[in-house]
Student: 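One structure follows; several queries about it will come next.
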Amino acid sequence: MSPPPASAEDALALVRSRFAEPKLADGSPAPLHVHEFDTGYLVYPWFSESTDAAGPPRPAPPCGSKVVVVKATGETVTVPNLPTESAIALFRRQWEAQA
């Protein structure tokens, strides 16, 4: 088992080592975004609206999943690709149910 993540960068490295990295339409790796919260890190891909780099990034389409890296253990937990706060709330409900 991996050590618990000490930073968002550690959480990102953990996700990259355990999951296939999503790809953009041109085949290049999609950038991954990390949202830190009190008990974990929510990691998910960002895709640009078009190939125009001037456009703002947008979250991945509503399919697939996001990954939570638990700060205390380094465990990875998948949650549906919901808006950030909804995904975190679902993770908390599932996590507390296991405890």
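Only a predicted model underlies this, so the values are computations on that prediction, with no experimental measurement involved.
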Student: Tyr41 versus Val67: any side-chain heavy-atom pair under 4.5 Å?
Tutor: no
Student: With no hydrogens and no angle check, is any side-chain donor or acceptor of Lys66 less than 3.5 Å from a backbone partner on Leu42?
Tutor: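 Checking the backbone N and O of Leu42 against the side chain of Lys66, no donor-acceptor pair under 3.5 Å is found.
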Student: Does the side chain of Arg92 reach to within under 4.5 Å of the side chain of Phe37, using non-hydrogen atoms?
Tutor: yes
Student: Check whether any side-chain heavy atom of Pro45 sits under 4.5 Å from a side-chain heavy atom of Leu32, and report yes or no.
Tutor: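 With C-beta onward as the side chain, the pair touches.
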Student: Heavy atoms, side chains only, cut-off 4.5 Å: are Phe91 and Val70 in contact?
Tutor: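 Yes; the side chains approach each other to less than 4.5 Å.
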Student: Apply side chain to side chain contact (heavy atoms under 4.5 Å, CB included) to Arg93 and Leu90, showing your working.
Tutor: CA-CA 5 Å; Arg93 285 192 302 272; Leu90 178 62; 3.6 Å; yes
Student: Let me confirm one number: the CD-CD1 distance from Glu36 to Ile88, rounded to the nearest 0.5 Å.
Tutor: 10.5 Å
Student: Could you report the tightest heavy-atom contact between Ala87 and Val79, atom names first, then the distance?
Tutor: CB-CG2, 3.9 Å
Student: Determine the minimum heavy-atom distance between Pro5 and Lys71, stating which atoms define it.
Tutor: CD-O, 3.8 Å
Student: On the 0 to 90° scale, with breaks at 30° and 60°, tag the His35-His33 ring pair as parallel, tilted or perpendicular.
Tutor: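 Ring orientation of His35 relative to His33: tilted.
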Student: Would Leu82 end up clustered with Trp95 when hydrophobic side chains under 4.5 Å apart are linked, directly or stepwise?
Tutor: no
Student: Do Thr76 and Phe19 come within less than 4.5 Å of each other through their side chains, counting heavy atoms only?
Tutor: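 Result yes, sub-4.5 Å side-chain heavy-atom pair found.
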Student: To check you understand the geometry: which heavy-atom pair defines the closest contact between Val77 and Gln94, and what is its length?
Tutor: CG1-OE1, 4.5 Å
Student: For Val69 versus Ala11, what's the shortest heavy-atom pair and its separation?
Tutor: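 Answer, listing the atom of Val69 first, then Ala11: CG2-O, 3.9 Å.
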